J.: 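Below are the structure tokens for one structure; questions will follow.
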Amino acid sequence: MRYRSTRGTSTGLSFEEAVFEGLAPDGGLYIPHSIPQTPLSEIHQWSNLSFPQLATKIFRKFISHAEISDADLADIVTRSFGTFSTPEVTPLKKLPNVAVGNGNGDLENLYVLELFHGPTFAFKDVALQFLGNLFEFFLERRNRNSATKFGITVLGATSGDTGGAAIYGLRGKKNVDVFILHPEGRISPVQEQQMTSVLDRNVHNIAIEGTFDDCQDMVKAAFSDQKFRRRFHLAAVNSINWARILAQTSYYFYSYFAVLRRIGTPSGASSYAALTKIQYSVPTGNFGDVLAGYYAVRMGLPIDRLIVATNENDILHRFFQSGRYEKKQSRNGSEPVKQTLSPAMDILVSSNFERLLWYLSIEDRRSTSSDADVCAKHASANIVQWMRELRDKGGFTVPETIFNSSKGLFTSFCTSDALTSDAITRYYHHQYTLLHEAPKPYHGAERPALAYVLDPHTAVGVVAAEQLVATSTTPTTSSIKSTHTICLATASPGKFPEAVLKAINNNAPALSPQRGFKPLTYADIAPRELVALEGLPKRCLYIQSPGDKLDALFAVIEDNVGAQFPAKPLSKL
Ligand SMILES: *Cc1c(COP(=O)(O)O)cnc(C)c1O
């Protein structure tokens, strides 16, 4: 399997090259030359595999044997998911059946797919545990028979979750140093604790006086300084890295099978889709998670619909409403990015969306041309043009045919903070609305939970799912009932305790206290590993104004790893 840039100038890269480079030199994102379509009969054979076995099957299709052998791949995958606290890796749970609004939707078949059982309690661990092990594997192989050790310097900026997941994915790895920039005082105390309490020598946290965008700009500037980039072998772990997208396809397959098992596995592979409809609601920022779902569909998993759930930073929702992708402008000096209760989705543009646009473009062209190269060139030309318009004019509009085809699979919803908070309240307090009822006999495979604590990101996805079911135009109730909706749960509520505790404690319905509700504390909603972080020793460097912050960053990197990357080549090649 080879990789190419969405913008067309680089093609034929190996998986290893695509993973180490991250972003293509032409500014595009790497995508596989083709998406390996898998017949349903083969997919069916995967339905009872363990998570690591299943992930290995999927990843195998995108990585040639010459690059990683079967045994090595299985080993990398097993170690990556072995750090999760449950053998299921991403368990599927049934949500309580909480009626909404006018109550015309049937929400009986609503699930959460818990993606937060990794070391940092957010879904980014699924990808970054894998990426960390891939880096280590490729570096070890390069260094095996060489006297001089080849190492890399990972540099990234974080608004919270990515940095932690990257640090836990790379801590202690040989020949890798990782520098993560975060805006001082602007990430949550839990996230700050989590990152800075990692004391491994190869981990360097840097707090920057400024905003997340300032951090991001510094990282971009370092990557575009070619001399610096080459000398330190800079590598990126941000959400556009292909290995991250690939890693995330695994749980779409896994959860699809988990639903089928609950409702009774079909004996033959004839057609899953005829049996039931399975759709996913995905809380979205940079469009990485939901893009992985798109790849699963293109591989052949018969997912019925992907719901793109945004908070009020809704560039994607506006696209799926209108076909126009447009950055919000700052008005009257206000920041164009709105700070919401779901901060990991507070974005202005969605960096992975370019990949979907490329596929929509090439599909569109395929209706008029069968020449694969012609179609690919056309798609890349579109991307180059649109990204230029985005930069120069703040937005672009795609042709009608492309817009219409996007709606075949995707639906979007934008959720306000008020609705997010309301969902957290409803799903927790549901248990107190039931107490007066006699327990009903339940004939399903699994009794739904009576209460669930949603994190604010997950809540955005749940609200979107509820809205879709409620406004569904499906003609009969019975066909709605056969739809199962899986909401991706992207973080543990313990990572965002302020919003969660406020929603649950301050908005308790009048009946709840009478029926035994007591306000929750941090320890009630957080995994004990998170609670245990409080008070641990921390290590962090600070870059503060005044002065050139970029120079200061270069100096920090020089101080810490300069000796490993001599400024001048030791010998001329
Ligand atoms: C990163 C993140 C998201 C958004 O994921 P994308 O892949 O950027 O769409 C959602 N929820 C949480 C908790 C996250 O950390």
Side-chain angles (χ1 to χ4, degrees), residues 29 90 112-128 131 156-169 182 187-188 190-191 194-195 212 216 237-249 251-252 280-296 306-317 319-320 337 340-356 410 412-415 420 424 453-464 487-497 499-500 530:
L29 312 188
T90 61
V112 276
L113 178 62
E114 294 185 345
L115 304 176
F116 52 75
H117 295 281
T120 72
F121 308 101
F123 89 96
K124 291 185 172 74
D125 287 327
V126 175
L128 282 158
L131 185 61
T158 188
S159 56
D161 278 349
T162 305
I167 286 170
Y168 278 74
H182 71 261
I187 62 175
S188 83
V190 181
Q191 291 168 328
Q194 207 169 32
M195 293 200 292
F212 168 66
Q216 185 97 308
V237 291
N238 48 12
S239 77
I240 50 100
N241 194 299
W242 166 250
R244 287 185 60 175
I245 307 295
L246 178 59
Q248 294 169 14
T249 57
Y251 46 72
Y252 284 92
Y280 287 78
S281 182
V282 189
T284 308
N286 273 321
F287 203 73
D289 212 358
V290 61
L291 182 74
Y294 176 77
Y295 278 101
L306 292 170
I307 305 169
V308 176
T310 74
N311 64 24
E312 285 173 67
N313 296 292
D314 60 350
I315 183 167
L316 288 167
H317 175 59
F319 174 85
F320 287 109
V337 179
T340 71
L341 293 179
S342 42
M345 304 176 352
D346 290 347
I347 48 87
L348 205 53
V349 293
S350 277
S351 49
N352 273 299
F353 195 54
E354 178 166 340
R355 285 187 167 112
L356 178 68
F410 295 97
S412 70
F413 277 104
C414 159
T415 297
T420 304
I424 299 172
V453 183
L454 295 167
D455 109 281
H457 303 81
T458 309
V460 168
V462 169
V463 171
C487 305
L488 301 198
T490 52
S492 156
K495 279 204 96 167
F496 300 93
V500 173
L530 274 187

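Numbering of ligands and ligand atoms starts at 1, following listing order. Computation of the quantities below employed the complete heavy-atom set of this structure, encompassing side-chain atoms and omitting hydrogens, waters and symmetry-equivalent molecules. Values in this document were obtained by computation on a predicted structure and should not be read as measured data.
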J.: Ala491 heavy atoms, cut-off 4.0 Å: which ligand 1 atoms fall inside?
T.: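 Those atoms are 13 (C).
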J.: Quick one: salt bridge (Lys or Arg N to Asp or Glu O under 4.0 Å) partners of Asp161, sequence neighbours excluded?
T.: Lys495
J.: State, to 0.1 Å, how close Leu356 and Leu291 come at their nearest heavy-atom pair, and which atoms those are.
T.: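 Result for this residue pair: N-CD1, 4.0 Å.
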J.: Which of the numbered atoms in ligand 1 are below 4.0 angstrom from a heavy atom of Asp161?
T.: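 Near Asp161, meaning under 4.0 Å from one of its heavy atoms, ligand 1 has 12 (C), 13 (C), 14 (C), 15 (O).
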J.: I need the atoms of ligand 1 closer than 4.0 Å to a non-hydrogen atom of Thr284, numbered in the order shown.
T.: 9 (O)
J.: Among all protein heavy atoms, pick the one closest to atom 6 (P) of ligand 1 and tell me residue, atom and distance.
T.: Asn286 N, 3.6 Å
J.: Show which atoms of ligand 1 fall inside a sub-4.0 Å distance from at least one heavy-atom site of Asp289.
T.: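 Here the atoms of ligand 1 in question are 7 (O).
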J.: What protein heavy atom is closest to atom 12 (C) of ligand 1, reported as residue, atom name and distance in Å?
T.: Thr490 OG1, 3.4 Å
J.: Ignoring hydrogens, what is the shortest heavy-atom contact between Cys414 and Asn311? Give both atom names and the distance.
T.: SG-O, 3.6 Å
J.: Give the atoms of ligand 1, by number and element, whose distance to some non-hydrogen atom of Lys124 is under 4.0 Å.
T.: 1 (C), 2 (C), 3 (C), 14 (C), 15 (O)
J.: Give the atom numbers and elements of ligand 1 that come within less than 4.0 Å of a heavy atom of Gly288.
T.: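 Matching atoms, with element in brackets: 6 (P), 7 (O), 9 (O).
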J.: Suppose I only count heavy atoms of His457 and a 4.0 Å limit; which atoms of ligand 1 are within that range?
T.: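 It comes down to these atoms of ligand 1: 11 (N), 12 (C), 13 (C).
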J.: Starting from atom 9 (O) of ligand 1, locate the nearest protein heavy atom and write down its residue, its atom name and how far away it is, to 0.1 Å.
T.: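 Nearest protein contact, heavy atoms only, for atom 9 (O) of ligand 1 is Gly285 N, 2.8 Å.
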J.: So for ligand 1, is Phe287 a polar contact partner (N or O within less than 3.5 Å, distance only)?
T.: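 Yes, since at least one N or O of Phe287 sits under 3.5 Å from an N or O of ligand 1.
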J.: At under 4.0 Å between heavy atoms, which part of Lys495 makes contact with ligand 1: side chain, backbone, both or neither?
T.: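 Looking at Lys495 and ligand 1, no heavy atom falls under 4.0 Å.
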J.: I need the nearest protein heavy-atom contact for atom 3 (C) of ligand 1: residue, atom name and distance, please.
T.: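 It is Phe123 CE2, 3.5 Å.
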J.: Give a yes or no answer on whether the side chain of Asn286 reaches the backbone of Gly288 with a donor-acceptor pair at less than 3.5 Å.
T.: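 Judged by distance alone, no pair lies under 3.5 Å.
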J.: So does Thr120 get a backbone contact from the side chain of Gln194, meaning a donor-acceptor N/O pair under 3.5 Å?
T.: yes
J.: List the atom of Phe353, the atom of Leu316, and the distance in Å for their closest heavy-atom pair.
T.: CD1-CD2, 3.5 Å
J.: Should you measure from each heavy atom of Ala344, which atoms of ligand 1 turn up under 4.0 Å away?
T.: 2 (C), 12 (C), 14 (C), 15 (O)
J.: May I ask you to check whether His457 and Phe123 place their ring centers less than 6.0 Å from one another?
T.: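 No, the ring centres sit 6.0 Å or more apart.
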J.: With sequence neighbours left out, write down each residue that passes salt bridge (Lys or Arg N to Asp or Glu O under 4.0 Å) with Asp346, or none if nothing qualifies.
T.: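 For Asp346 there are no salt bridge (Lys or Arg N to Asp or Glu O under 4.0 Å) partners, ignoring immediate neighbours.
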J.: Relative to each other, are the rings of Phe413 and His317 parallel, tilted or perpendicular (30° and 60° limits)?
T.: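 Aromatic pair Phe413/His317 classed parallel.
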